Amino acid sequence: MLGSVPILVSLKEKIGGKIQSTQATLVSGGLMVLFLFAGKEFLNILGVDIKSFAVAGSIVIFILGLEMVLGIEFFKPDNNARTGSVIPIAFPIIAGSGTLTTIMSLKANYDDINILIAILINCIVIYIVLKSLKWIEMFLGPSGLVVVRKFFGVILLAIAVKIFAGNVHGIFK
């Protein structure tokens, strides 16, 4: 979540300067709980397998990484904090394909209650980070934000490539 701060700061500017922290936290937490209990079934209803879902998510993450590194704008400003707090902040930034796929995978090894507790803790951290964005932005300053944005943009690109490479072979059968 802390690695997403530069993305969140740049998206905050695109959606009118304010992120609806509570809404983004509740939507992302709701998606995580939904995927814990019905993720595989939900994707099956849509005719999408987990690998295809992960590849699609990796493409979105890759585009966000390109925006951060190159300064090119792919996602156009929405200027509506309510919708912008849901897409792309709650999904796919916070509760993206990697998070949702991981939650579904954890079911094989852990009890649902343990995963629910982890989701709750994660939501608390998400809320605190979203509420602290203005302070974090002031602490880093304009130069610090540029450096962190470029650095984490490269990290996002690497994560996107890893997710893509780890799942793309499974979709071409």
Side-chain angles (χ1 to χ4, degrees), residues 1-11 15 19-69 74-75 78 83-130 133 148-149 151-173:
M1 179 65 206
L2 292 175
S4 300
V5 166
I7 303 169
L8 294 170
V9 168
S10 102
L11 287 172
I15 62 171
I19 293 174
Q20 301 289 325
S21 304
T22 304
Q23 181 185 28
T25 302
L26 291 175
V27 169
S28 60
L31 283 169
M32 289 183 233
V33 171
L34 173 69
F35 268 73
L36 172 62
F37 294 111
K40 192 169 185 170
E41 294 79 11
F42 179 70
L43 291 178
N44 286 340
I45 289 170
L46 297 175
V48 177
D49 61 25
I50 293 173
K51 291 193 179 291
S52 298
F53 183 71
V55 167
S58 74
I59 293 169
V60 172
I61 292 169
F62 188 83
I63 292 170
L64 287 169
L66 282 178
E67 269 195 349
M68 292 172 69
V69 172
F74 291 104
F75 291 105
D78 188 345
T83 58
S85 293
V86 175
I87 309 244
I89 293 174
F91 178 81
I93 303 287
I94 297 170
S97 61
T99 302
L100 301 178
T101 305
T102 300
I103 288 170
M104 291 188 302
S105 300
L106 288 172
K107 273 188 79 121
N109 297 317
Y110 299 98
D111 292 330
D112 289 349
I113 188 68
N114 295 334
I115 301 170
L116 282 171
I117 291 168
I119 290 171
L120 177 63
I121 293 168
N122 189 34
C123 286
I124 292 168
V125 171
I126 289 166
Y127 183 78
I128 292 169
V129 169
L130 290 175
L133 274 181
V148 171
R149 183 176 292 134
F151 176 75
F152 280 106
V154 172
I155 299 293
L156 266 185
L157 290 170
I159 290 168
V161 168
K162 181 178 179 177
I163 292 170
F164 185 88
N167 291 285
V168 74
H169 62 75
I171 62 174
F172 295 115
K173 289 184 181 181

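Since the structure is predicted, the reported quantities are computational estimates derived from the model, not experimental observations.
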Practice prompt. Work out which heavy atom in Leu100 is nearest to a heavy atom in Ala95; give both atom names and the distance.
Written response: CD1-O, 3.7 Å
Worksheet, complete the sentence: Lys162 meets the salt bridge (charged side-chain N to carboxylate O under 4.0 Å, His left out) criterion, sequence neighbours left out, with none
Worksheet item: What distance do Ile50 atom CD1 and Asn44 atom CG have between them, rounded to the nearest 0.5 Å?
Response: 8.0 Å
Fill in: Gap between atom CD1 of Ile89 and atom OG1 of Thr25 - 0.5 Å precision
10.5 Å
Worksheet item: What distance do Leu116 atom CG and Ile103 atom CD1 have between them, rounded to the nearest 0.5 Å?
Response: 9.5 Å
Worksheet entry | Any side-chain heavy-atom pair of Met32 and Ile94 under 4.5 Å | yes
Worksheet item: Less than 4.5 Å apart, any side-chain heavy atom of Lys51 and any of His169?
Response: yes
Practice prompt. Return the minimal non-hydrogen interatomic distance between Ala90 and Ala24, and the atom names on each side.
Written response: CB-O, 3.6 Å
Worksheet entry | Point-to-point distance, once rounded to the nearest 0.5 Å, from CG of Leu36 to OG1 of Thr102 | 12.5 Å
Worksheet item: Taking Asn167 for the side chain and Ile163 for the main chain, is one N or O donor matched with an acceptor at less than 3.5 Å?
Response: yes
Practice prompt. Look up atom OG in Ser85 and atom CG in Leu26, then write down how far apart they are to the nearest 0.5 Å.
Written response: 11.5 Å
Discussion item. Using only atom types and a distance under 3.5 Å, with no angle test, would you say the side chain of Asp111 pairs donor to acceptor with the backbone of Asn114?
Written reply: no
Worksheet, complete the sentence: What one should report as the nearest heavy-atom pair of Leu157 and Leu66 is CD2-N, 3.7 Å
Discussion item. For Val129 and Ile126: C-alpha separation, side-chain torsions, deciding distance, then whether side-chain contact (heavy atoms from CB on, under 4.5 Å) applies.
Written reply: CA-CA 5 Å; Val129 169; Ile126 289 166; over 6 Å; no
Fill in: Heavy-atom closest pair, residues Ile61 and Ala160
CG2-CB, 3.8 Å
Worksheet item: Looking only at heavy atoms, which two atoms of Cys123 and Gly29 are closest? And how far apart?
Response: SG-CA, 3.4 Å
Worksheet item: Taking atom CZ of Phe37 as the centre, does the number of heavy atoms from other residues, nucleotides or ligands within less than 6.0 Å exceed 12?
Response: yes
Worksheet item: Taking C-beta and beyond as the side chain, do Leu43 and Met104 meet within less than 4.5 Å on heavy atoms?
Response: yes
Worksheet, complete the sentence: Residue pairs passing the ring pair (Phe, Tyr, Trp, His ring centres under 6.0 Å) test with at least one member in residues 45-66, sequence neighbours excluded, are Phe35-Phe53
Worksheet entry | Val48 backbone acceptor or donor facing Ser52 side chain under 3.5 Å | no
Fill in: Nearest-0.5 Å distance, CG of residue Leu120 to CD1 of residue Ile115
14.0 Å
